Amino acid sequence: MEDISQGAERVRISFSGTAEDAHAAVEGFTYVCSSIADGQIVGSECAYDGCDHTGLSCDDVVCGCVGVHGAAYKRDGTGMLDPSVDDHMPIFECNSNCSCEASCWNRVVGRGLRWKVFVAKHAIRSKGFMLASLDFIPKGAFVLEYAGEIIRADEAERRWEYQRKLKLPNYIICIREHTTSRIFRTNIDPSVVGNAARFINHSCEPNLAFRTVRINSMIPSAALFATQDIPAGQELTFDYGDACLISGEDASLDSRIEKDDRIRCDCGAPSCRQFLPYDVTL
Ligand SMILES: C[S@@+](CC[C@H](N)C(=O)[O-])C[C@H]1O[C@@H](n2cnc3c(N)ncnc32)[C@H](O)[C@@H]1O
């Protein structure tokens, strides 16, 4: 096992395999625990007000954060998503301006990785590396952020075109949040600067799903939560078509692309859609 994590990650991320495999996995990328945005991205400097009740736990009667934005987590301090809350709603966690305790139940993604995960070569060669869990992870738990460079749409398109021409693996995801009046789009590229989430493969029947979580700025963290109980040793997957946080929209994307550009999906799920979802807007 070779450690590829950055010191600030709360749980060690290790690689199982040969030293050569470990080297190949981490070659050419820098480890970060959460996404980084350059100065051109609007909102990266915008910290919002925190709550003010030193030493107390937050509840929606006294907490400004939860009172304004609503609560998504159970209040029992386990960090689990509350299943009764609409899973399309963005999450606002207590942030660095809040005076509540570090153990506040509304701080989950902000506290970082809690489970042990590892990178390994996938048994199916075409899938390259994969990420799997060393721990049992319960349904509703935060697993890890999809961290990388936050880039503008034109830069995402340029990078994607480059990767497509060279037939390189695609790591860029575009998260879309739909409101009644507009769509907020966040492009994340972990190709060169990223964390262990860049090793997560697609599955048409995944065990993780995205939620957008705002902590210290209006730029969301793309946080992956367990959608089912995940036994220790199981591969972690998400649906590449689900980065769009509105149900159903990705279904139309496959029919609008060139046949040559499609990557055959080897997820092996009974409902496999045969090709990896593809975002034509990149
Ligand atoms: C975000 S990367 C995932 C990590 C990648 N396997 C690696 O070795 O770094 C996405 C790439 O992994 C491969 N991939 C992911 N899921 C796959 C699947 N279900 N079937 C086949 N290839 C897959 C494709 O090459 C895709 O472009």
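Order of listing sets the numbers, starting from 1, for every ligand and every atom in it. Here the structure is a predicted model, which is why all the values come from computation and not from measurement.
Dense packing is recorded around CZ of F136, with more than 12 heavy atoms of other residues, nucleotides or ligands lying under 6.0 Å away.
N207 and T227 form no side-chain donor-acceptor contact under 3.5 Å, judged by distance and modelled atom types alone. Residues E235 and H122 bring a donor and an acceptor atom of their side chains to less than 3.5 Å of each other.
Ion pairing of D154 with R152 is present here, as a side-chain N (NZ or NE/NH1/NH2) and a carboxylate O approach within less than 4.0 Å. The pair R198-D189 does not meet the salt-bridge criterion, since no charged nitrogen lies less than 4.0 angstrom from a carboxylate oxygen.
Enumerated by chain and number, the residues approaching ligand 1 to less than 4.0 Å through a heavy atom are K127, G128, F129, P169, N170, Y171, R198, F199, I200, N201, H202, Y240, I263, R264, C265, D266, C267, L276.
Of the candidates K165, R159, R158, K165 is the only one forming a side chain to side chain contact (heavy atoms under 4.5 Å, CB included) with E161.
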